[in-house]
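Report on the structure given below.
Naming: A, B, ... by sequence-line order, numbering from 1 per chain.
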Amino acid sequence: MPAFSYDQQYLSLLVDSVSFPFSVTPLITNKLPSILDAEPNSMANFNSSSHCKFHYDKCERNVVEDIGGGIDVISPSEKIENEHSVMTEKRSSVEQLTPENHGRVSMMKKRKAEKGSSSSNFDANSKDSRARKGKRQKGTNQVESEKQLGADKRELVAEEAPTGYIHVRARRGEATDSHSLAERVRREKISERMKMLQALVPGCDKVTGKALMLDEIINYVQSLQHQVEFLSRKLVCVDSIFGADVEGMMLESQGISRMQLPLQPSTTTMAATLTQQCHNCTPFSSAPQLTTTALSTTVNHIATNTFSSSELGSTFLDDVISFPPLDAGQMALQIPTQETVEVAGGSSFWETGDQRQCCFIHESTGYDGCGPTDYNDLLLR
Amino acid sequence: MRPPSSLKEEFLKKWVSSLQTWRSSSKEMSLVERKEAIRLSADLAMASTRNGATMWSRALMANACKDSDRPGLVGFEPMATIAQHESLKLRSSSKSITPSSRRGSKQVRRKKISMRNGRKIISKCHIRRSRKCVASVVTERLVKKRTQVLKELVPGGEYMDESDLLKETLDYIFSLRAQVHVMQSLANATHLSSSEK
């Protein structure tokens with residue numbers, strides 16, 4: 001590093017000037033006066049050099065103040081890079097003093113690196129610093145108190161009390177520790193929740209940063225709401241007949257065998273309601289006369305079918321199939337892209353129906369990853 | 001802990017019961033009205049599965065109570081009375097919140113003005129530093145804008161602060177997914193059966 005080389009050169013110069021007479025002495029032991037004569041010269045040299053040094057020190061102090069003031073202006077989040085820039089700019093103004101400056105400044109940098117906050121806190125600190133803009137710089141007391149504070153607190157740079165610089169934006173720690181702690185806790189809470197949301201929302205793994213994450217979340221919520229809207233529109237025609245059977249299906253799916261008996265009478269009531277609803281649907285249905293025949297088939301199906309726990313689901317599908325208002329006219333309005341499955345016999349259809357039933361009711365793994373379960377745990381904690 | 005399947009079953013049950021009652025109450029309805037009723041009943045059923053534990057569910061029910069021109073639909077909801085209480089609470093809480101929020105916004109405005117003046121006063125403003133500050137300010141503004149949008153999306157979001165908003169969003173997304181799954185399965189089942197016919 002050039003700074004050290006400069007230092008070394010300077011030091012070597014000093015040493016040479018001082019040691020030169022002493023190196024001579026072993027040779028000229030008798031010539032003490034000469035040595036003595038030489039010494040004052042060296043001393044003079046030394047004095048001059050020391051005087052220069054003192055001068056340098058004073059100048060350097062000013063420079064340090066200046067640099068300190070300059071650094072104070074910078075926000076804490078760009079400490080180290082901007083220090084370099086500041087150094088370069090100050091260097092031009094104090095060319096003669098660069099060696100010492102470099103030495104001192106590098107020392108300051110080191111000290112700052114030790115004391116300064118970690119890079120992870122830079123964003124947080126920058127936010128806090130912005131919140132504390134315009135505050136005046138305090139004296140050395142602040143510096144000392146800040147030295148006592150933890151490593152993640154911001155610090156004052158200037159070692160001496162820079163009284164002449166009012167306009168600097170002070171980099172200082174929080175006014176009270178409780179505020180900073182609360183702030184940090186709040187921030188951590190938010191980041192934790194963002195992580196949970198990241199797990200829940202698909203496609204959010206690659207995204208980092210609050211703004212993009214929020215963007216994804218907003219898009220996802222909007223898409224889900226649109227889906228609900230769309231599905232409700234889709235279910236308009238379907239649903240008018242549907243209600244009672246769905247409930248029956250629900251009861252069946254829970255494996256309550258005792259519901260078999262009430263189910264039969266309920267089917268008759270269902271048939272009654274079906275007729276009512278079919279009449280309601282006449283504005284929409286293109287072939288109302290189909291309804292009654294379908295209903296009769298429904299009732300027959302139900303009567304003939306024997307209930308067993310495994311086939312409970314199939315009865316629901318019986319009813320479903322027979323629903324007349326889902327006739328061609330209406331269904332044509334709906335999504336026409338429904339693929340028709342060729343059914344060889346009734347049994348195979350029931351199998352698929354059962355599968356559907358299982359999918360429908362016993363969906364337990366509909367989510368990606370472990371997000372929901374973890375989320376539930378976290379919520380209830 | 002509530003497994004998702006039980007949530008779905010509960011939702012379905014409540015939804016279907018509400019639809020039944022709705023159907024029994026009125027005979028003639030236009031398509032649009034029907035769709036709205038289906039959607040509303042689905043939303044309310046999903047909200048009621050939360051049993052008032054979350055803010056969004058309560059807000060949803062309260063809004064439904066307030067805006068609904070079909071009180072019968074809401075009346076049959078099991079949480080109807082609670083929803084009414086919640087609507088009153090929300091109205092009162094909103095009244096209490098707005099003054100404080102107004103105060104808060106004033107404070108924020110004052111802070112912003114002082115910050116701006118502070119920035120103007122600072123003479124040794126290096127270009128690099130100001131650029132970086134601008135970037136962080138821009139991201140802050142973006143985040144604020146997006147939280148505002150999210151507040152509008154999630155029911156009852158306007159009354160929450162950021163961390164609570166995220167928590168409610170989490171719950172809301174979870175419930176919405178369950179709702180969509182159930183509705184989709186229902187629609188698919190009926191379509192399949194009708195196509196079979």
Between E229(A) and E36(B), the two heavy atoms sitting closest are OE2-OE2, 4.0 Å
Ranked by heavy-atom pairs below 4.5 Å to chain B, first place among M194(A), Q225(A), R186(A), M213(A) goes to Q225(A)
I need the residue from L231(A), L214(A), V221(A) with the largest number of non-hydrogen atom pairs under 4.5 Å to chain B. L231(A)
Nearest 0.5 Å, what's the NZ-CD distance between K151(B) and E162(B)? 7.5 Å
Nearest 0.5 Å, what's the OG1-CZ distance between T169(B) and F174(B)? 15.0 Å
Tell me which of these, L176(B), L142(B), L153(B), has more heavy-atom pairs under 4.5 Å with chain A than the rest. L153(B)
Checking D161(B) against chain A: side chain, backbone, both or neither under 4.5 Å from a heavy atom? neither
Using distance alone, with no hydrogens and no angle criterion, decide if T54(B) and S57(B) have a side-chain donor and acceptor under 3.5 Å apart. yes
